[in-house]
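Report on the following structure.
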Amino acid sequence: MINENVLLVSKTSSDSFKSVSEAIANADNGTKIIIEPGIYYENVPLKIDKEISLVGRGHPSEVIVCNILKPVASVYAKEAKIQNITFYRGTEKKQSDFGVVVLAGESIFENCHFISETAYGIKVAGIEANPLFKNCQLYFCNGVGAHLTSNAKSRFENCSIYHNRGSNVVADNGAHPSFENSRIWGSKQTGVYASGESIVSIRSSKIFQNENTNLVVTDEARGDIYSSKIFEGKTRGIVVENNGHVWIEHSDIYEHLHSNIAVLSDSTFRATRCRIHHSIYEGIFITQRGEAFLKESSVYSNKGHNISVSEKGHISMSDSQIYDSKQNGLLLEKNGEGTLERCDIHHNHYANIKIREKGSITASECSVYNSEQNGLWIKEESSAFFYRCRLFKNGYSNIHSRLNSHVTLSHSESYESRENGIWATRSANVHLKKCHIYKNEAANVQVEKRSVVTIEDCHIYDGEQEGVLVNESAKVLVSHSKIYAHEWDGVVIREGSYLSMEHSAIYDGAQHGLFVEREGTCEVIHCEIYNHQGSNTGVATKGFLSLKKSFLHNANKFGVFAVDEGEATVSQCEIHHHQEGDFRATEESQIYRNEKKQE
């Protein structure tokens, strides 16, 4: 004893207690117990149920309190203060035990170490428990490092929890731990495992290099993460499952050997101003009705798809970027859904957006560009709606729609692809409304193989090949649109296809304006076709062209020509100022003008 308010525990001093438990038994509220350097083997757990201070004199590695058979300490005090001590749970194997148990109060552990070679490390349990661990280390536990349970609260500030054989942290049954400026790493299992309606708060911390998932949130638990880093896990970075919920802000999730983030089984993940990058598999994997919401975030440089959504999962993104995947930027499949606003999807190795097997997307004010393959690749009864979007400079077609897929492009642009602006094939359905399609290296719009495309109030222009190419029994309906300034023919219909055009214009082309061949059919009403270097219209090889109430003028060749058994009917049209003649039909072809054959 030093005085009535200060007690000494020492291996060497004669005027001192020889065990910590003896000093605690003789202490009153307000007593300070100083522990000299040494290893103190205790036969019973330290029962800390008084408002006392336990202070190790020196570094915690020099002051070791050890128990071989039982927990080192049980803490019930309203507010005890414990500093500079290592709590060591010894070698008797009983893994259900803990090194230190806190069951009540707001005790403070500062600059302490917790080691439990044959048991769990810390247990905090009960609604009355709310300890603070400050500048502490918890490591080399044979089981879980810290188990927080039964509605307990706990706070960890500037702590390190690492190299435990079980999960570094487990929170369950309504526990509410918080971690600030802490490091959780190197577990043989999970970094942090939250379940059973617990709420885990992580701020300005790092979770990394755990053998299993760095962070699991499951069974209606919640994780709140701010300004933290989750990285270099041996499997996934974050798994949210079974109605789990994660809110994360200003954080980095990266370099995992599986997905950076997995959102599964009716769970939600919300990220604001985060970066998700450089995983071996997906950046974000969403399935089984999982939902993810990203705002002002970037998902990039993942070796798998940057984002994969399937089995009624949903991704909602705003003001975000998806780029530089080694596969697809965004994959939606098996009824996976996506909603994007003001996002950039670009520079992905495969398609920027790939949708298949009844996937669907709604995108507004987005830019989709510079993929090595397609901007949008969609098939198998999938659907896409784009409003005020730009798709441009993709390596293949900006939009490739096939196999009964449905695409609506409204108030949008598709330009400067290395192939088509729009390619619809194999029974695809595409609706273009108030769009600009231009400067693509192949046909601006190519429609084939029983596909159906409607073009309403659009501008299609400046293409290096055709403006609209319709092939192989396809169908195109054009209204109130302008098709102009193409290097090849403005509109071509062939091979049993059908195109109708009304209240539209085709003009200023380097070759023909409109050309029907190989049993194609075209009906034109209330249109203007003019200023072509070739003919304004032509029909060949058993094609059929109907012109009604339209105005054709000023071509370098003919207004209407028919060759190789082509047939045209012209009714109530105004046709003039064609340099080689308004009409020209070869012997085996026919042009009917106002129901009479044109000689």
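What you see is a predicted model; the values in this text were computed from it and never measured.
Salt bridge R275/D252: present, at least one basic N to carboxylate O contact under 4.0 Å. Comment: K334 does not engage E311 in a salt bridge, judged by the lack of any side-chain N to carboxylate O separation of less than 4.0 angstrom.
The main-chain N or O of S481 is never found under 3.5 Å from a side-chain atom of D457 such that the two would form a donor-acceptor pair. Listed for the S535 side chain is no donor-acceptor partner under 3.5 Å among the backbone atoms of T537. In this structure, T339 contributes its side chain and S316 its backbone to no donor-acceptor pair below 3.5 Å. Side-chain N or O atoms of N440 include one that pairs as donor or acceptor with a backbone N or O of S417 at under 3.5 Å. In this structure, the side chain of E197 does not engage the main chain of A221 through any donor-acceptor pair within 3.5 Å. Proximity of a side-chain donor or acceptor of S405 to a complementary backbone N or O of L403 within less than 3.5 Å is not detected. Listed for the S298 side chain is no donor-acceptor partner under 3.5 Å among the backbone atoms of I276. Side chain of N444 to main chain of G421: no donor-acceptor pair is present (N/O by atom type, distance under 3.5 Å, no hydrogens or angles). Between the side chain of S297 and the main chain of C274, a donor-acceptor pair closer than 3.5 Å is present. Distance alone, capped at 3.5 Å, places no donor-acceptor pair between the N328 side chain and the N352 backbone.
Here the CZ-CD1 distance, from F285 to I261, works out to 13.0 Å after rounding to the nearest 0.5 Å. Atom CE of residue M501 and atom CD1 of residue I493 lie 7.0 Å apart, to the nearest 0.5 angstrom. In this structure, I529 CD1 and L547 CG are separated by 6.0 Å, a value rounded to the nearest 0.5 Å. Going from atom CD of E357 over to atom CD1 of I355 covers 12.5 Å, rounded to the nearest 0.5 Å. Between Y369 atom OH and K393 atom NZ the span is 10.0 Å, to the nearest 0.5 Å. The line from CG of D319 to CZ of R342 is 4.0 Å long, rounded to the nearest 0.5 Å.
A centroid separation of less than 6.0 Å is found between the aromatic rings of H553 and F551. Here F231 and H256 keep their ring centres 6.0 angstrom or further from each other.
Note on ring orientation: taking the six-membered ring where Trp is involved, the planes of Y461 and H459 are perpendicular (angle over 60°, cut-offs 30° and 60°). Ring geometry, W377 versus H400: the interplanar angle exceeds 60°, so the pair is classed perpendicular (tilted spans 30 to 60°). Between Y300 and H277, the ring planes lie parallel to each other; the angle is under 30°, not in the 30° to 60° tilted range.
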Full working for side-chain hydrogen bond (donor to acceptor under 3.5 Å, both in side chains) between Y438 and E413: CA-CA 8 Å; Y438 60 96; E413 298 179 68; 2.6 Å; yes

For a side-chain contact (heavy atoms from CB on, under 4.5 Å) check, start with the C-alpha distance between I575 and V570, then their side-chain angles and the critical distance, and finish with the verdict. CA-CA 10 Å; I575 302 175; V570 180; 3.7 Å; yes

Show, in sequence, the C-alpha distance, side-chain angles and deciding distance for H250 and S227, and conclude whether the side-chain hydrogen bond (donor to acceptor under 3.5 Å, both in side chains) test is met. CA-CA 5 Å; H250 283 293; S227 193; over 6 Å; no

Intermediate values then yes/no, side-chain hydrogen bond (donor to acceptor under 3.5 Å, both in side chains), N242 and S265: CA-CA 5 Å; N242 300 326; S265 52; 3.2 Å; yes

Any chance you could lay out the side-chain hydrogen bond (donor to acceptor under 3.5 Å, both in side chains) test for N556 and H532, step after step, and finish with the verdict? CA-CA 6 Å; N556 283 1; H532 290 93; over 6 Å; no

Evaluate L340 against T362 for side-chain contact (heavy atoms from CB on, under 4.5 Å), listing each step before the verdict. CA-CA 6 Å; L340 278 64; T362 299; over 6 Å; no

Output, in order, the C-alpha distance, side-chain angles, deciding distance and verdict of side-chain contact (heavy atoms from CB on, under 4.5 Å) for S279 and S259. CA-CA 6 Å; S279 74; S259 308; 5.7 Å; no

side-chain contact (heavy atoms from CB on, under 4.5 Å) between L409 and V430: does it pass, once the steps are laid out? CA-CA 8 Å; L409 199 66; V430 177; 5.8 Å; no

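The heavy-atom pair separating H346 from Q321 by the smallest distance is NE2-OE1, 2.9 Å. The nearest pair of heavy atoms linking H578 to N554 is NE2-N, 3.9 Å. When every heavy atom of R236 is checked against every heavy atom of V239, the shortest pair comes out as CD-CG2, 3.7 Å. For the residue pair T425 and E448, the shortest heavy atom distance occurs at OG1-OE2, 3.0 Å. Scanning all heavy atoms of the two residues, the minimum distance from I506 to L514 falls at CD1-CD1, 3.9 Å. The heavy-atom pair separating N420 from Q446 by the smallest distance is ND2-OE1, 3.2 Å.
With E333 as reference, R356 is the one residue of R356, H305, K354 to meet the side-chain hydrogen bond (donor to acceptor under 3.5 Å, both in side chains) rule. The only option from H278, H347, E255 that meets the side chain to side chain contact (heavy atoms under 4.5 Å, CB included) definition with S301 turns out to be H278.
For the pair R270 and F293, the cation-pi test (distance below 6.0 Å, angle within 45°) is passed.
Within 6.0 Å of CZ on R273 lie more than 12 heavy atoms contributed by other residues, nucleotides or ligands. Residue-environment remark: OH (Y281) stays at or below the threshold of 12 foreign heavy atoms within 6.0 Å. Surrounding OH of Y484 are more than 12 heavy atoms belonging to other residues, nucleotides or ligands, all under 6.0 Å away.
A donor and an acceptor atom, one from each side chain of H431 and T408, are nowhere located under 3.5 Å apart. Under 3.5 Å, the side chains of S371 and Q373 contain no donor-acceptor pair of N or O atoms. Defined by atom type and a distance below 3.5 Å, a donor-acceptor pair is missing between the side-chain atoms of E567 and Y592. Side-chain polar atoms of H314 and E291 form no donor-acceptor pair below 3.5 angstrom.
Sequence neighbours left out, the pairs with a member in residues 495-504 that pass side-chain hydrogen bond (donor to acceptor under 3.5 Å, both in side chains) are E495-R518, Y498-E523.
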Identify every side-chain donor-acceptor pair in residues 384-392 under 3.5 Å, counting partners at least two apart or on other chains, and give the distances.
residue	atom	partner	partner atom	Å
R390	NE	S367	OG	3.4
R390	NH1	Y415	OH	2.9
R390	NH2	S367	OG	3.3

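Within the 4.5 Å cutoff, no side-chain heavy atoms of Y350 are placed close to those of L331.
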